[in-house]
Student: 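Sharing a structure with you now.
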Amino acid sequence: MTAARDAVFARLAEHRNATEGVSLRELFAADPKRFETFSAAQDDLLYDFSKTHLTAETLNLLVELAKAADVEGQRDAMFSGEKINTTENRAVLHTALRAPEGSRILVDGEDVMPLVLAERAKAAAFAEAVRSGELRGATGETFTDIVNIGIGGSDLGPAMAAIALSPYAQDGLTGHFVSNVDGAHISDTLKGLDPARTLILVASKTFTTLETMSNAKAARAWLVEKLGEDAVAKHFAAISTNAEAVAAFGMDTERMFQFWDWVGGRYSLWSVIGLSFEILIGAKNFQAFLDGAHEIDAHFRLTPLKENIPVLMGLVGVWHRNICGWPSHAVLPYDQRLARFAAYLQQLDMESNGKSVTREGAPVTTKTGPVVWGEPGTNGQHAFYQLLHQGTDVVPADILMAAVPHESVGDQHAMLLANALAQGEAFMRGRTTAEAAEVLRKAGKSEAEIAALSPHKTFPGSRPTAAIAYRTLDPRTLGRLIALYEHKVFVQGVIWGINSFDQWGVELGKELASRLIPVVKGEAPTDGLDGSTKGLVEHLAALRAD
Ligand code: G6Q
């Protein structure tokens with residue numbers, strides 16, 4: 001399989017050599033149907049990759065690459081519950097979490113759907129009881145503030161989704177998300193909250209994560225100080241796969257919501273990890289969010305590769321990363337409520353595909369995951385876009401936009417869309433030195449000024465972007481967007497031959513931090529530390545002693 005894949009990679013590289021000089025402007029000039037040919041839709045959601053350098057030949061080769069790497073076989077293995085996360089010997093079934101009633105999905109011969117549906121119903125009933133005021137705190141007050149304590153996969157998803165879907169949140173309910181072990185985070189969050197009206201969800205797959213356990217202890221102490229020990233049961237709930245650890249922490253397992261080891265942390269917001277934002281938006285909207293993702297699951301399973309949006313997104317990314325050699329990928333939503341979307345995708349993509357060995361443990365022979373980053377437009381335009389337009393690196397980007405906003409504030413939505421479209425156009429077209437000179441000439445500049453300024457006003461252009469356009473950022477569409485990126489990451493992981501579902505790279509830092517805690521506290525010697533770490537420990541200790 002690797003040999004077949006590498007043979008296609010070699011042909012793609014030759015193809016790139018032969019076509020590298022052709023600009024995006026030239027591609028559009030040569031083919032008036034380029035937009036129609038290089039775009040794909042799922043209902044209202046459109047993926048337009050015509051502003052990349054792909055030609056019909058490139059796309060054919062990339063589809064051959066996907067076939068050679070057995071993307072379809074691996075995809076079917078994932079959906080059917082095979083243990084494709086080989087280093088942890090686990091199935092990968094976040095797709096089961098959004099499967100509808102009536103589905104049957106087997107892990108080790110057992111159908112997981114009854115468990116999934118029961119937990120989904122339990123979470124929905126809890127969310128609705130909090131929203132209606134049926135479920136109250138120890139003093140009989142209704143809850144107004146929901147604090148989710150978790151980190152990484154147990155934080156980024158619900159925190160991102162709570163912002164994205166804020167128009168759907170119930171009035172009078174506010175979500176808060178605490179992740180960092182920096183005491184500033186929990187302190188700033190709890191400051192000003194009324195414990196009698198605060199519900200605290202401790203979200204941790206393992207229920208052993210240092211940050212989450214420390215913050216949970218701090219929150220517990222804050223609550224107990226104000227309301228007494230007996231209030232804990234009414235103000236806390238746990239979300240975990242580890243019932244023993246929940247009990248050991250002193251929390252009632254009756255108030256525990258479960259998920260399973262076949263749900264990876266960064267793929268878990270479809271599970272009860274989504275409870276905090278389900279409380280905010282309600283069970284019906286949460287179900288629409290799951291249904292949206294399920295639509296994309298069906299699209300990914302059933303659509304031919306050339307029209308399959310996550311496959312296309314993955315292939316375009318492989319083209320940019322492996323064949324063009326570009327190391328980073330920007331996500332630029334022209335949709336303010338996707339403010340944390342890039343941060344969410346950063347974990348999804350970089351933790352999944354930031355790997356250097358194949359599934360078999362051999363060193364990879366291709367580059368793997370790019371650096372993923374981004375901020376909403378138009379803000380980014382006034383900050384880092386300078387480098388995107390005129391810097392020495394090419395940074396391919398996704399530009400996201402909604403046709404219909406939730407608010408109409410004058411004609412601001414038209415302005416937002418115009419900016420999104422203008423940026424895509426500017427990256428594609430650029431501005432030649434002759435064009436820059438012409439603009440300066442029209443502005444009445446002297447020939448000397450034109451000669452001096454035109455190089456600075458030249459834009460290379462031919463910088464690729466893809467657009468993702470949808471009707472509106474509703475729960476269904478957020479579910480669709482996330483699922484698209486999940487499957488994109490999957491497709492790329494298969495092509496690179498890596499396991500996208502483990503995260504051993506996170507472990508070393510955790511181990512070393514545990515070893516250094518007593519050293520930083522001054523309870524263990526600095527012996528054996530490297531010179532820099534030792535020097536820093538001593539410098540910090542001296543400052544703290546002042
Ligand atoms: C996700 C990662 C990681 C994980 C956090 C929190 O895929 O494994 O981000 O989600 O380390 O872990 P717990 O949920 O176990 O606290």
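Atoms within a ligand are numbered from 1 in the order they appear, just like the ligands themselves. Positions are given from 1 along the sequence. From a predicted model like this one, the values you see are computed outputs, not experimental measurements.
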Student: Tell me every residue that passes salt bridge (Lys or Arg N to Asp or Glu O under 4.0 Å) with R266, counting only those two or more places apart in sequence or in another chain.
Tutor: E351
Student: Can you give the donor-acceptor pairs under 3.5 Å from side chains of residues 109-119 to other protein atoms, not counting sequence neighbours?
Tutor:
{"residue": "D111", "atom": "OD1", "partner": "I105", "partner atom": "N", "Å": "3.0"}
{"residue": "D111", "atom": "OD1", "partner": "M113", "partner atom": "N", "Å": "3.0"}
{"residue": "E119", "atom": "OE2", "partner": "Q258", "partner atom": "N", "Å": "2.7"}

Student: Please confirm whether R301 makes a cation-pi placement over F79, using NZ or CZ under 6.0 Å from the six-membered ring centre and within 45° of the ring normal.
Tutor: yes
Student: Give the protein residues with at least one non-hydrogen atom closer than 4.0 Å to an atom of ligand 1, ordered by chain and number.
Tutor: I151, G152, G153, S154, S204, K205, T206, T209, G265, R266, Q347, E351, Q503, K510
Student: Under 6.0 Å between the ring centres of H320 and W326?
Tutor: yes
Student: Is it the case that R75 places NZ or CZ above or below the six-membered ring of F300, under 6.0 angstrom from the centre and within 45 degrees of the axis?
Tutor: yes
Student: For H299, which residues count as a side-chain hydrogen bond (donor to acceptor under 3.5 Å, both in side chains) partner, sequence neighbours excluded?
Tutor: T303
